[in-house]
Enquirer: 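Before we start, here is the structure in question, set down as C-alpha cells.
Lettering follows sequence order; numbering is per chain, from 1.
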Amino acid sequence: AQRVTQPEKLLSVFKGAPVELKCNYSYSGSPELFWYVQYSRQRLQLLLRHISRESIKGFTADLNKGETSFHLKKPFAQEEDSAMYYCALRGDTGNQFYFGTGTSLTVIP
Amino acid sequence: EADIYQTPRYLVIGTGKKITLECSQTMGHDKMYWYQQDPGMELHLIHYSYGVNSTEKGDLSSESTVSRIRTEHFPLTLESARPSHTSQYLCASSDPGTYDEQYFGPGTRLTVT
C-alpha cells in the first residue's frame, strides 16, 4: 500500500537553528516525492520535488530509498518558514497523490 | 490571471440538502482533482479527471459525484448532505509538464448541521 507518514504534528525551533521535518513513505516502485507548504491564510503550494534536486527558500530534501525517507531540511530557520508542511507521494498511475498528515512548523524569534 | 477558484469559501447547510461546490481554473490544465481534508488529517483524493468527460474515483470512498463537461470547470455535488460530510474540500489542477505539480484552490469549508 502507498502511504506517507509524518511523525511530528508540531515542531518548534528557534530562529537560526537547523530544522528537519521528517517524512517516511511506503511504496513498492520508484517513488516520486514532493513537499508542499501552506503559509498562514495562503493556499497549499509546491515547495520542492525530489526529482529536481533543487533548493527552494534554503530547503533541501534528499530521497533515501534504503530508509524510505524524504526528510526536509534547512540549516538556519527563519521566522517566515513558520507554516504547515505536507509530504506527498505520487502513486502508481501517476494520477493520484498521497499526502501525509502534515507538520506545523513554528520558528521562535 | 491564471488561477484556480472555488466557491463558496464557507458553507453551512442543513442535513438532506443538495449542494454543489464549484471549482474553475483558467490555467488550461487537463487534469483536475478533489481532495477532502478533516482537521489534523491527510488530504484524501476523492475524485480526479483526465479531461472533458473523464472522471475517476480516488482512494477515499465518497458519496459525492463530479462532472467534467468543460475543461475549466469541475463541480462536486452532494445529493443529500449529512453531518459526516462536514470537512474541507480542496480542488486542484495539474500540469503534466511539471510532474503534475498540484495547483490548489483556496478550499471550501463545509459544515452540515
Enquirer: Under 6.0 Å between ring centres, would you say that holds for B/Tyr35 and A/Phe97?
Expert: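 Between B/Tyr35 and A/Phe97, the centre distance exceeds or equals 6.0 Å.
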Enquirer: For B/Tyr50, I'd like to know if atom OH has over 12 heavy atoms of other residues, nucleotides or ligands within 6.0 Å.
Expert: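 Above 12, so yes.
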Enquirer: Is the shortest distance from a Lys or Arg side-chain nitrogen in A/Arg49 or B/Asp100 to a carboxylate oxygen in the other one below 4.0 Å?
Expert: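 Looking at A/Arg49 and B/Asp100, the cut-off is not met.
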Enquirer: Quick check on the hydrophobic clustering: are A/Leu63 and A/Ile56 connected, directly or via other members, by side-chain heavy-atom contacts under 4.5 Å?
Expert: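 In one cluster: yes.
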Enquirer: For B/Lys57, I'd like to know if atom NZ has over 12 heavy atoms of other residues, nucleotides or ligands within 6.0 Å.
Expert: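 More than 12 heavy atoms, drawn from other residues, nucleotides or ligands, come within 6.0 Å of this atom.
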Enquirer: If we define contacts as heavy-atom pairs under 4.5 Å, which of B/Leu90, B/Leu43, B/Leu45 has the most with chain A?
Expert: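 That would be B/Leu43.
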Enquirer: Answer with side chain, backbone, both or neither: which region of B/Glu56 has an atom nearer than 4.5 Å to a non-hydrogen atom of chain A?
Expert: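 No part of it gets close to chain A.
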Enquirer: Are B/Leu78 and B/Met32 in one and the same hydrophobic cluster, where Ile, Leu, Val, Met, Phe, Trp and Tyr link if side-chain heavy atoms are under 4.5 Å apart?
Expert: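 The answer is yes; both residues are in one hydrophobic cluster.
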Enquirer: Hey, does the side chain of A/Arg43 reach the backbone of B/Phe104 with a donor-acceptor pair shorter than 3.5 angstrom?
Expert: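 A pair under 3.5 Å: yes.
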Enquirer: Is it the case that over 12 heavy atoms from other parts of the model lie below 6.0 angstrom from the CD atom of A/Glu80?
Expert: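 Yes - once you tally the heavy atoms of other residues, nucleotides and ligands closer than 6.0 Å, there are more than 12.
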Enquirer: Answer yes if A/Phe59 and A/Val13 sit in the same cluster of Ile, Leu, Val, Met, Phe, Trp and Tyr residues linked by side chain heavy atoms under 4.5 Å apart, and no otherwise.
Expert: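 Yes, A/Phe59 and A/Val13 fall within the same hydrophobic cluster.
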Enquirer: To the nearest 0.5 Å, what is the distance between CD on B/Glu101 and CG on A/Leu48?
Expert: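 CG of A/Leu48 is found 11.0 Å from CD of B/Glu101.
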Enquirer: So which of A/Tyr86, A/Phe34, A/Tyr36 has the largest heavy-atom pair count under 4.5 angstrom toward chain B?
Expert: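 Highest number of heavy-atom pairs under 4.5 Å: A/Tyr36.
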Enquirer: Would you say A/Phe99 ends up clustered with A/Tyr25 if hydrophobic residues are merged whenever their side chains have heavy atoms under 4.5 Å apart, either directly or through other cluster members?
Expert: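 Unlinked, A/Tyr25 and A/Phe99 end up in two clusters.
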Enquirer: Output the distance between atom CZ (A/Arg90) and atom CD (B/Gln102), rounded to the nearest 0.5 Å.
Expert: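 A/Arg90 atom CZ to B/Gln102 atom CD measures 9.0 Å (nearest 0.5 Å).
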Enquirer: Quick one: which of B/Ala92, B/Gly105, B/Gly107 has the most heavy-atom pairs under 4.5 Å with chain A, could you say?
Expert: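 Among B/Ala92, B/Gly105, B/Gly107, the one with the most close pairs to chain A is B/Gly105.
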